[in-house]
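So you know, we letter chains A, B, ... as the sequences are listed, proteins then strands, and number each from 1.
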Amino acid sequence: MSLLGFTLAAFVILTAVATALLRDTLAVIILFAAYSLGMALLYTLLLAPDVGITEAAIGAGVTTILLLVTITKTTRPGAEEIFSAVNWPAATVSAGLAAVLLSVVGAIPAGNFLGGTTPVTGAAGTPGEGVTGHYLAASYAETGVHNTVTAVLASYRGFDTFGEAVVVFAAGVAVVVVLHRGDFV
Amino acid sequence: MTALSAPGGGSLALSALDGVATVPLALSALSTRYAYATFALLFAIGLYMMIASPNLVKKVIGLNLFQSAIFLFFVSMAYVRGGAVPAIPSEGGAVGAYASPLPQVIVLTAIVVGVSLTAVALALIVRLYTEYGTLNEETIREVMDE
C-alpha cells in the first residue's frame, strides 16, 4: 500500500510541477492527462474506486479533449523556450500556503478521519461515525443497492444529482450562447 | 485496527502502514499522512499556475489541478486504514470497517460540476481569442485599456 501510494504521490507531484513550468500548452495538456490518470489510480488506492473511474473518464478524458479542441481553435505559445520563467512573487505566495498546510498535516487523525465501522462491530470513535455508520448499515436494506456510494448518490441525494444535471445543462447552454456570438439572445 | 473481518482487500492496507511504527516520528507522520502532504503540494502548485501563467488555457489547467487537490483531500478524509471499499455484500450485511461513502459522493458531484465549469471557461477563451487574437492575459488587458 504505502510503496505504491508513495510512487503515485511522487508521480502526480512531478507531473504537476512539470505542468506548471513547461511553456508549450500542448505538452502541458498531455502532462495534465497523465496527472489525471495518476490521480485516478491514487483515488482507487484510497478506497474510492467510483471517484477513480469518474476522474479517469472526465479528468483524463473529457477535460483533455476540451483543452485540445480549445488550442486547435486558438493558439499555443511557440516552442522556442522549453520552460517559462518562474514568477517569484506567485511562487512565494504558493510556497507559503504549502508551508502552512504542511505544518497542520500532522494534526489530522491519520487513517480514519471520517470513515465508519458499522454498528455490528461497535463504534470506533471517529467524528463521522454516527452518520457514516447509519448509511453503511441501512443503505442496502433501504435502497437495495450494494454500492453505498451509488445508493447515496442516486437515492438519498437524488435531488442533488438532479441539480448537478441542471448545472451540466446550463453549462451546455452557456457554451452555445458564448460561441454563437449572441445568435440565440 | 479491528478490520480483520472486512471483506474485499481489507487486510491489504493493514500490514504496510502498521509496520512503520518504529521509524522516527516525523517520517512516520509523513508515511501515514502522505495523501494530505500531496494535497498541500498540489494545492500550492494549482494556485501558482492560476496566479503566474499569462496564458489563459494554462490558468484553466491550474484551476483543474487546484480542484483535484481538494478532491484528494476529501478522498483522504474518507479513507479508513485497513478498511474496505464501501460496497455492502448482500449476505450478512455490512460487517467491519469501510471507507466513508459520503465525501466520495460529494467528490463525484464536484468532478462533474468542475468539467462543466471548464467547458464554459474554455468557450469564453475561444471567444476572447476571436475578439482579441491572443490568449495572453497582459496583452488582452492592454488592448482593453486603449
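A donor-acceptor pair is defined here as one N or O able to donate and one able to accept, closer than 3.5 Å; such a pair exists between the side chain of B/Arg127 and the backbone of A/Val178. At least one donor-acceptor pair closer than 3.5 Å links the side chain of B/Gln104 to the backbone N or O of A/Leu47. A donor-acceptor contact shorter than 3.5 Å is absent between the side chain of A/Thr54 and the backbone of B/Leu108.
The heavy-atom pair separating B/Ala44 from A/Leu97 by the smallest distance is CA-CD2, 4.5 Å. The shortest heavy-atom contact between A/Val149 and B/Pro101 is CG2-CB, 3.9 Å. Taking each heavy atom of B/Ala123 and A/Leu179 in turn, the nearest pair found is O-CD2, 3.6 Å. Between A/Ala9 and B/Tyr34 the shortest heavy-atom distance is CB-CD1, 4.0 Å.
Heavy atoms of A/Ala151 lying under 4.5 Å from chain B are absent altogether. Contacts between A/Val12 and chain B at a heavy-atom distance below 4.5 Å involve backbone atoms as well as side-chain atoms. Both the backbone and the side chain of A/Thr75 come within less than 4.5 Å of a heavy atom in chain B. With a 4.5 Å cut-off on non-hydrogen atoms, A/Val86 touches chain B through its backbone and its side chain both. For A/Leu22, the part sitting under 4.5 Å from any heavy atom of chain B is the backbone (N, CA, C, O) and nothing else. Contacts between A/Thr19 and chain B at a heavy-atom distance below 4.5 Å involve backbone atoms as well as side-chain atoms. Contacts between A/Ala91 and chain B at a heavy-atom distance below 4.5 Å involve backbone atoms as well as side-chain atoms. Using a 4.5 Å cut-off between heavy atoms, A/Leu42 touches chain B through its side chain atoms alone. With a 4.5 Å cut-off on non-hydrogen atoms, B/Phe39 touches chain A through its side chain but not through its backbone. B/Leu128 does not touch chain A: none of its heavy atoms, backbone or side chain, sits under 4.5 Å away. With a threshold of 4.5 angstrom between heavy atoms, B/Asn64 approaches chain A through its backbone and through its side chain. Proximity to chain A involves both the backbone and the side chain of B/Ile61, based on heavy atoms less than 4.5 angstrom apart.
Taking CG of A/Asn87 as the reference point, atom CD1 of B/Ile51 lies at 8.0 Å (rounded to 0.5 Å). Once rounded to the nearest 0.5 Å, the distance linking OG1 of B/Thr38 with CZ of A/Phe11 reads 13.5 Å. Atom CD1 of B/Ile111 and atom CG of A/Asp50 lie 10.0 Å apart (nearest 0.5 Å). Here the CG-CZ distance, from A/Leu102 to B/Arg33, works out to 12.5 Å after rounding to the nearest 0.5 Å. The CG atom of B/Leu42 sits 5.5 Å away from the CE atom of A/Met39 when rounded to the nearest 0.5 Å. If you take CG on A/Leu136 and OG on B/Ser100, they are separated by 7.0 Å, rounding to the nearest 0.5 Å.
In this structure, the side chains of A/Tyr43 and B/Ser68 come closer than 4.5 Å at one or more pairs of heavy atoms. By the 4.5 Å heavy-atom criterion applied to side chains, A/Leu21 and B/Met49 are not counted as neighbours. You'll find the side chain of A/Ser94 stays beyond 4.5 Å of the side chain of B/Ile45, heavy atoms only. Between B/Leu102 and A/Tyr135, the closest side-chain pair of non-hydrogen atoms falls below 4.5 Å. Taking 4.5 Å as the limit, some side-chain heavy atom of B/Val115 sits within range of a side-chain heavy atom of A/Leu66. Between B/Thr109 and A/Leu153, some side-chain heavy-atom pair lies under the 4.5 Å cut-off.
Top candidate by heavy-atom pairs under 4.5 Å with chain A, chosen from B/Val60, B/Val112, B/Leu65, is B/Leu65. Most heavy-atom pairs under 4.5 Å with chain A, from the set B/Leu47, B/Val75, B/Leu41: that is B/Val75. Put simply, of A/Val51, A/Val93, A/Thr63, the one with the most heavy-atom pairs under 4.5 Å next to chain B is A/Val51. Between chain A and the options B/Leu135, B/Thr118, B/Val107, heavy-atom pairs under 4.5 Å are most frequent for B/Leu135.
For a heavy-atom cut-off of 4.5 Å, chain B lies close to A/Ile29, A/Phe32, A/Tyr35 in residues 29-36 of chain A.
Among B/Thr134, B/Val126, B/Leu56, the single residue meeting the side-chain contact (heavy atoms from CB on, under 4.5 Å) criterion with A/Thr74 is B/Val126.
At a threshold of 4.5 Å between side-chain heavy atoms, the hydrophobic network of Ile, Leu, Val, Met, Phe, Trp and Tyr places A/Phe83 and B/Tyr48 in one connected group. Follow the hydrophobic side-chain contacts under 4.5 Å out from B/Phe73 and you reach A/Phe6 in the same cluster. Residues A/Val62 and A/Val167 fall into different hydrophobic clusters, defined by Ile, Leu, Val, Met, Phe, Trp and Tyr side chains chained together at heavy-atom separations under 4.5 Å.
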